[in-house]
Structures are given as structure tokens and as C-alpha cells.
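Each remark here refers to the structure printed beneath this line.
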Amino acid sequence: MTKLTYLDSLPPRILGIETEYGVLAAGQDGRRVVDADTVGRELFAPIHQRYQASSVFLENGGRLYLDVGSHPEYATAECLDLQDILAQDRAGAEILRDMAVSASQRLTDQTGIPTQVHLLKNNLDSVGNSCGCHENYLLYRTSQFRALADALVTFLVTRQIFLGAGALLRIQGETKFCLSQRAFQIDDTVSAATTTTRPLVNTRDEPHGDAKLYRRLHVIVGDSNVLESPTRAKIAMMNLLLGALEAGGDFSDIALNNPIGALQEITQNLPHQGKPLELVSGKQFTALELQAEFCSRLSRIYSEATLPAGYREVLHEWQAWIKALAAGDYLALNGVLDWPTKLTLLEKLRSRQGLTWGDSKLARLDLAYHDLVAGLNLESRGLAQRLTATHEVETAKTTPPQNTRATLRGQFIRCAQDHNLQFQADWTKLRLRGKAGGDITLSNPFVTESESVAKLLRAMETL
Ligand code: ATP
Ligand code: MG
Ligand code: MG
């Protein structure tokens, strides 16, 4: 049992999502027109032309860049609220989608072949490369980092029963529907390495803030979610758990004996058919039972009345999802969570056409589920739930969250652009190139007002 019994409120926490996307350029017959490097270059050509760089900070406070392996990545600005992180994350996806549409036109002109650039919000590509979706959570330096990260392991391993994006994977010569895209990509629990192993939680200590006060927890195990409900749930659930752990909550009684084995076991079965997993204590629980345990402990620890917007809904959904999945009723979550939605679509096509799981039509549907350019448009067809409003996302394309330092970064970038001034920005620094004034360091990510930024903005107005 947790020692902690009650928490008055959820402490404020900086939240950010980084999403790497897959890209491919195909002609009308589906064949690749150019290689992935060329697509990446073409996608970023306007950015490169404008900024002479392929890694830029935007006026909405987010970061857009072309990663190694030609994967474009968008990292949201620092957010505090659930609705902001949903809008900022989606704004990034839509910015990249628009870039893909214009790159399609340029590639068509260059090659003479009608070409469409596809933007894939998924975690696996056809040649086995993997794209990540990283969650970032500010931690208070006072927390015992290693103990906290260890305590998260059981949660991160089992949350895929709701949050997995679904994947058709070949396992021992047979194609199987799995819950998660990332489960087989992860081979360690908590580690600083990212090249030799891929852990659930990366411990690289880059706080993007005052290192004496803060740390940044870098979770790399999650699937990229296409739907908004799992995106909101993954951030909210983690935030509730982190608040409880930082306040002394103890979940060590449900530590898994073999977390990586469990991760790969869980992904291969529908939750109600999941096998019992061995705990360090010797007890056995299924992934569903462990999630039910997290849900009921956290529901008891927090008072719903004091939780910020969206958290009460997530706690209620969490209970409802457990109930539906325990009854084997994944159809109830069609249009709400990714893997149930994808499995419903695949099952429909499979039974209608009498296909085997290995059929390429199912593989194409699996991929189309993640395609933001020429995909399934489930939301606009009324087949999936949406939590953001169109106007919120439009605003988020140009406006940062107003309650973190991202608002200062946004003001600075907008002013520099309006006055055609060359600038540099990153998570903590703002600098005007070639002009006096020096660097401004914003080491407190919660700050929303700064005299030195105000002074710099005034100076920029007169330049
Ligand atoms: P890379 O992906 O290049 O390895 P990185 O992990 O530092 O570098 P970025 O892509 O630059 O990642 O994204 C950093 C993410 O961390 C952003 O989503 C941002 O909002 C978030 N972030 C910034 N400052 C903090 C902070 N103090 N605490 C938690 N998250 C933060
Ligand atoms: Mg990144
Ligand atoms: Mg990262």
C-alpha cells in the first residue's frame, strides 16, 4: 500500500511532447519517387531558405527540426495545462502536414511524376527504423530521481493496454496484431544510453532549466498516438503518478520481476487475455489488474475538486477503459483509443475479404492509420473522438502557452521576425545576432514576465 494517503493538489509541472514523424514520397501507383533523405530535405527547404538552418524555434515557442535518418521532429513548447499540450502537439502535426503538402507540389514539379509526400505519425518504418515520441516532465530536484524512475517502470510497462497505437508485427514467422509499436524497440528500463540500448526512461540530465531546482524526466517508451484521448491520458496519468511519487507515494509493492519481458508479453495479447506477470514480491497480476491498482490508488490520493481541468475526466475514463477491456469489449473504445480503433478497422477488412493477418492490404491499412496527409480522416468522418477545437489548434500554431516561459520566447521570436532581425533561441536562451544586448537566460521555465525580455523587445522596436 502507499504510505501517502492524500494530496491537496497537483503541483504545477512543465510538460512537453516531442514527436518524430516518418515521411515517404510516393507516386500514384504507390511506388517511392525519391529516397527519404531527399523527402526530408525538400520538406525543410522553405525552412532552410528562411533560417539557413534545419532546426528552428517557432513563434509558438515550439521547436521544429530534421533529425538524423530524415525524420522531421516537432517538440511542443513548455505547457502546464492538458488542453494546451493537446493543442500544441496537434499544431506541430498540422504545421508539418502543410509542409508535406507543399513539398509534394515541388517534388511533382521537379520529377515530373505526380507525387504525394506522406507524413506518418507512427513509430516504425518499412525498413525497421524507429521513430520516437518522447514525453518530458519537469521534476523537482528534491525528488529521489532514481527511486522515482524505478517506481515508474511498472506503470510505463503496463499502460500500453490503453495507450498503444496497435501494430501488425511479424513474430516468429507469423504476423500478429500487437498493442504497442514500441514494445519490441525497448530493451532496458532506466538508463542514460540512447544508442547502445533504448530504455523506458532516459536519465540524461539535461534539465532545460535551473539544474539546482529541476530535472527533466525523459520518457521514451510511448507510442505516438493518432487520437487525442490517449495523448491526453498519457500526460495526465503520468502527472498524477509523478505528483504522488514526489510526495512520498510508494508503489514498490507492485514492482515487476522482469519489466522488459512483461512489456513484450503484454503487447501480444488483448488485455483481457493477458497473462499474469510476476512481481518482485512473488505475487502475480495481469497488466489490467496493475493498471486498476494505479487507477484506484491515484483516485484515492487526489481530491477531484482540486484537480486542474481535464484530470477528473481522465480518472473517470481510466476506470471506464479498465471495465471495458476487462470484459473483452474493445469495440466500446473504437474511436477513443488507438489500438482498439485500428483493430476494429483491420478486423472489418479482414473478415469482409477473408484475409490472413499477413496480407499486404492489412499492412497498408495499418500504415494508412498513421498517415496525416492521405490517411483515414476518422475525426472528420465522425468516427473518432476529438478533444481540441479547430480554433484552439489554429491559435497554437502561432501562440505559445501563456503560463510558461514559452510565452516570452514567442514574443521575442515574433518581434525579431517582424523587424527582420536575425535571432537565436533555444529552451533557455534568447539572443539577437550581431547586436549588443547579450544572451538572455530564462532558467525558470515557469516564468511569464521578464524585465530583460521587455527591455530587449523595446530595443528591437527601435532597431
Ligand atoms: P533531442 O531530442 O535533440 O535529443 P531533447 O530531448 O532536449 O533533445 P527537444 O526535442 O529539444 O528534446 O525537446 C525538449 C522538450 O522538453 C520540449 O517538448 C520542451 O517543451 C520540453 N521542456 C523544455 N524545458 C523543460 C523543462 N524544464 N522540463 C520539462 N520539459 C521541458
Ligand atoms: Mg527531441
Ligand atoms: Mg528528446
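Side chains included, hydrogens not; waters and symmetry mates left out as well; all remaining heavy atoms used.
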- Name all residues meeting the side-chain hydrogen bond (donor to acceptor under 3.5 Å, both in side chains) criterion together with Arg141; count only those two or more places apart in sequence or in a different chain, and write none if there are none.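 So Arg141 forms a side-chain hydrogen bond (donor to acceptor under 3.5 Å, both in side chains) with Asp205.
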- Residues that Ser252 engages under side-chain hydrogen bond (donor to acceptor under 3.5 Å, both in side chains), provided they are two or more places apart: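 Applying side-chain hydrogen bond (donor to acceptor under 3.5 Å, both in side chains) to Ser252 gives Asp250.
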Side chains of [Y] and [X]: any donor to acceptor distance under 3.5 Å?
X      : Y      : value
Asp338 : Tyr369 : yes
His218 : Glu18  : yes
His316 : Glu304 : yes
Gln116 : Ser104 : no
Glu228 : Thr388 : yes
Arg216 : Asn136 : yes
Asn225 : Thr231 : no
Asp223 : Gln160 : no
Arg386 : Ser229 : no

Is it true that a side-chain atom of [X] and a backbone atom of [Y] form a donor plus acceptor pair closer than 3.5 Å?
X      : Y      : result
Thr407 : Pro400 : no
Arg409 : Gly61  : yes
Asp81  : Asp84  : no
Lys397 : Ala91  : no
Ser380 : Asn377 : yes
Thr286 : Glu289 : yes
Gln83  : Leu387 : yes
Thr399 : Ala396 : no
Thr115 : Ala25  : no
Ser443 : Asp210 : no

- Item | Worked check of side-chain contact (heavy atoms from CB on, under 4.5 Å) between Leu64 and Leu96 | CA-CA 9 Å; Leu64 181 65; Leu96 274 166; 3.9 Å; yes
Minimal non-hydrogen separation, [X] against [Y], with atom names:
X      : Y      : answer
Gly222 : Glu135 : CA-OE2, 4.1 Å
Val157 : Leu263 : CG1-N, 3.6 Å
Leu277 : Ala262 : CD2-CB, 4.0 Å
Pro401 : Ala406 : CD-CB, 4.2 Å
Asn403 : Leu80  : O-CD1, 3.4 Å
Thr448 : Thr404 : CG2-N, 3.7 Å

- Does the side-chain contact (heavy atoms from CB on, under 4.5 Å) test come out yes or no for Lys361 and Leu355, once each step is laid out? CA-CA 8 Å; Lys361 281 187 190 155; Leu355 308 174; 4.0 Å; yes
Under 4.5 Å between any side-chain heavy atoms of [X] and [Y], yes or no?
X      : Y      : value
Leu168 : Leu362 : yes
Leu270 : Leu325 : no
Leu213 : Tyr140 : no

- Query: Just how far is it from atom CG of Leu152 to atom OG1 of Thr189, taken to the nearest 0.5 Å?
  - Reply: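 If we round to the nearest 0.5 Å, Leu152:CG and Thr189:OG1 are 11.0 Å apart.
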- Between OG of Ser360 and CG of Leu365, what distance do you get to the nearest 0.5 Å?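 So the gap between those two atoms works out to 11.5 Å.
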- Message: For a side-chain contact (heavy atoms from CB on, under 4.5 Å) check, start with the C-alpha distance between Trp339 and Phe162, then their side-chain angles and the critical distance, and finish with the verdict.
- Response: CA-CA 8 Å; Trp339 76 256; Phe162 314 117; 5.8 Å; no
- Query: So, do Tyr311 and Tyr302 have ring centers that fall under 6.0 Å from each other?
  - Reply: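 Centroid distance Tyr311-Tyr302: not below 6.0 Å, so no.
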- Would one find more than 12 heavy atoms of other residues, nucleotides or ligands at under 6.0 Å from atom CD of Gln353?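 Result for CD/Gln353: enclosed.
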- Task: Step through the shown structure and confirm whether more than 12 heavy atoms of other residues, nucleotides or ligands are within 6.0 Å of CD on Gln424.
- Result: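 Yes.
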- Task: Before accepting this row, confirm whether a basic side-chain N of the pair Glu78/Arg13 lies closer than 4.0 Å to the acidic partner's carboxylate O.
- Result: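 Arg13 and Glu78: not salt-bridged.
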- Item | Steps toward side-chain contact (heavy atoms from CB on, under 4.5 Å) verdict (Leu240, Leu10) | CA-CA 7 Å; Leu240 291 167; Leu10 189 65; 4.1 Å; yes
- Message: Tell me whether the rings of Trp318 and Phe155 are parallel (<30°), tilted (30 to 60°) or perpendicular (>60°).
- Response: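 Plane angle over 60°, so perpendicular.
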- Describe, in one word, how the ring planes of His208 and Trp427 are oriented to each other, choosing from parallel (under 30°), tilted (30 to 60°) and perpendicular (over 60°).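 It falls in the tilted class, 30° to 60°.
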- Residues Lys342, Asp366; criterion salt bridge (charged side-chain N to carboxylate O under 4.0 Å, His left out); working and verdict: CA-CA 7 Å; Lys342 187 189 274 185; Asp366 183 0; 2.5 Å; yes
- Item | Intermediate values then yes/no, side-chain hydrogen bond (donor to acceptor under 3.5 Å, both in side chains), Arg182 and Ser130 | CA-CA 8 Å; Arg182 288 288 272 180; Ser130 126; 2.9 Å; yes
- Cation-pi geometry met for Arg41 and Phe44 (6.0 Å, 45°):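 Checked: cation-pi criterion not met.
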- Message: For Phe145, does the six-membered ring have the charged nitrogen or CZ of Arg215 within the cation-pi criterion, i.e. under 6.0 angstrom from the centroid and within 45° of the normal?
- Response: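 Relative to the ring axis of Phe145, which defines the angle, Arg215 lies inside both limits.
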